[in-house]
Number of protein chains: 2
Amino acid sequence: MSHTLGPRQSQKQQTRQSLLDAGLRLLEHQGLSSLGLREVTREAGLTPSGFYRHFPDLPAFGMALVEESFGSLRTMVRAIRSEQADADEVIDRSIDVVARYVHEHRARLRFLIRERHGGVRPVRDAIAARIRQFADDLADDLAAQPQSAGWDQADLRMLADLYADHTVTTVAALLEADGDRDTEQRIVATARRQLRLISIGRRHWLDT
Amino acid sequence: MSHTLGPRQSQKQQTRQSLLDAGLRLLEHQGLSSLGLREVTREAGLTPSGFYRHFPDLPAFGMALVEESFGSLRTMVRAIRSEQADADEVIDRSIDVVARYVHEHRARLRFLIRERHGGVRPVRDAIAARIRQFADDLADDLAAQPQSAGWDQADLRMLADLYADHTVTTVAALLEADGDRDTEQRIVATARRQLRLISIGRRHWLDT
DNA sequence: TCATTCAGTGAACGACTGTGCTCTGAATTC
DNA sequence: GAATTCAGAGCACAGTCGTTCACTGAATGA
């Protein structure tokens, strides 16, 4: 399996990537359903017909963008999952991870947040499936924690959904801040306190 | 002010409304930025050029859709605001209001949820402003409740944001259920318990 | 070395778009 | 009742779109 791609294959992959990058660049300011094939190839600097060497049509291109976008986010998801305990310090670090990724992967996150409820059904479904997977994993992580003793499975899932949705909402809010540091700081501070309140609710959930 | 519109004015308003309705109908399955002028007039059953008698261009039409959509939602917002205490029964009734509105105003809510992070900046801003207003009002309501004694203003605002975001997330999830009663019931049940957990967190917020 | 593969080009097509213009006929105004 | 207004129809325009197809020339494999 140590096959180094020849110049032809590697050039092809590079062009494919430049199409995806061009797409994400354009999608920062518009919806996927209004993205044109010619528009993408123009931005990527190749001929309209060249597009078909890489994707059968635009819907397939959209799905490829979902793959591409989630691909480079895997490390963020892992970082967040590994830190879901309820100590305040852990909350702070989780939010920091999110805030950092919003800066480093702005275009990808904007695309996912936008198309999560966007006009293209298969894309919506693919994004929903990934987020559900994230919440599933989170539920497992929570179940393994000592403070979850006595919790039934449905309630753990409920809590995992709350965490997952809160993360998504925070990402969306940070994107809407559009780089304004003050606004971002306000959002981060609010998100921290919200997570803290949720932690308190969690701690007293079984009190009756 | 008891002026009954003449047949001409009332006919005009009726046509305008049929344009808005046609737009919302089309937008259940696509994004605003891909909506065409001819497409709307075709759906509404009038000539493309007739469009200009009612709106200067498509962006203005989009903004009018935001107004239209929020207009008929005012009663929902009021119903939710008036019920934000933390008794379980009140939580149940709030969620019921939301679930009912998702059925009664599906097209309008879908439009708002979709375009909240959609590709048209002015529309996004207008929707954000309305939701912010909702959270502002909610913060005032919360401040007036006895259980908010000792809370500082920023934390009340934080809690109001959490409630508001949770409502939006729940609406979005219900829309994605696409009318499937079982899925809807699962979402409603989860949302209820999440609100309950938040209420518990609220009750113990000042414990230290 | 020579035949084959294939990523990318460039021209052409039919369909569709937003917008401007003139026209019509019913509601309005005097 | 005559003059005016104006919502909507109908047509024309220039431009863009997605897709097709024959092509070129460099990488590939025998």
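Chain letters run A, B, ... following the sequence lines, proteins first and then strands; every chain starts at 1.
Using a 4.0 Å cutoff on non-hydrogen atoms, no part of residues 23-31 of chain B comes near DNA chain C. Non-hydrogen atoms lying under 4.0 Å from DNA chain C are contributed by A:L46, A:T47, A:S49, A:G50, A:R53, A:H54, all within residues 46-61 of chain A.
In this structure, the side chains of B:F111 and B:V66 come closer than 4.5 Å at one or more pairs of heavy atoms. Put simply, the side chain of A:R110 does not reach to within 4.5 Å of the side chain of B:H117, judged on heavy atoms. Within the 4.5 Å cutoff, the side chain of A:R130 has no heavy atoms near those of the A:L73 side chain. No side-chain heavy atom of B:F70 sits under 4.5 Å from any side-chain heavy atom of B:Q133. Residues A:F55 and A:R16 meet the side-chain proximity criterion, which asks for heavy atoms closer than 4.5 Å. Between A:V188 and A:V98 there is no side-chain heavy-atom pair separated by less than 4.5 Å.
Salt-bridge formation is not detected for the pair A:D137/A:R78: no Lys NZ or Arg NE/NH1/NH2 atom is positioned less than 4.0 Å from an Asp or Glu carboxylate oxygen. With respect to B:R196 and B:D92, a salt bridge is recorded, a charged nitrogen being found less than 4.0 Å from a carboxylate O.
In 5' to 3' order, the nucleotides of DNA chain C bounding all contacts with chain B (an atom under 4.0 Å from a heavy atom) are C:dT17 to C:dT28.
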Protein-nucleotides 25-27 of chain D N/O pairs under 3.5 Å:
none

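Across the protein-nucleic acid pair, A:R38 atom CZ and D:dG15 atom C1' stand 11 Å apart, rounded to whole Å.
Every residue meeting the side-chain contact (heavy atoms from CB on, under 4.5 Å) condition with A:D125, not counting sequence neighbours, appears here in chain and number order: A:R121.
Within the 4.0 angstrom heavy-atom criterion, no nucleotide atom of any strand lies near A:R16. Nucleic acid contact class of B:E39 (heavy atoms, under 4.0 Å, all strands): none.
For A:S10 and A:Q14, the side-chain atoms include no donor-acceptor pair closer than 3.5 Å.
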Please tabulate, one pair per line, all N/O donor-acceptor pairs under 3.5 Å involving side-chain atoms of residues 21-31 of chain B, not counting sequence neighbours.
{"from": "B:D21", "atom 1": "OD1", "to": "B:Q17", "atom 2": "NE2", "distance (Å)": "3.1"}
{"from": "B:R25", "atom 1": "NH1", "to": "B:E43", "atom 2": "OE2", "distance (Å)": "2.6"}
{"from": "B:Q30", "atom 1": "OE1", "to": "B:S34", "atom 2": "OG", "distance (Å)": "3.3"}
{"from": "B:Q30", "atom 1": "NE2", "to": "B:E39", "atom 2": "OE2", "distance (Å)": "2.9"}

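B:Y101 and B:H105 have parallel rings, their planes meeting at less than 30° on a 0 to 90° scale where 60° marks the start of perpendicular.
Judged by distance alone, the side chain of A:R114 and the main-chain N or O of B:G118 form a donor-acceptor pair under 3.5 Å.
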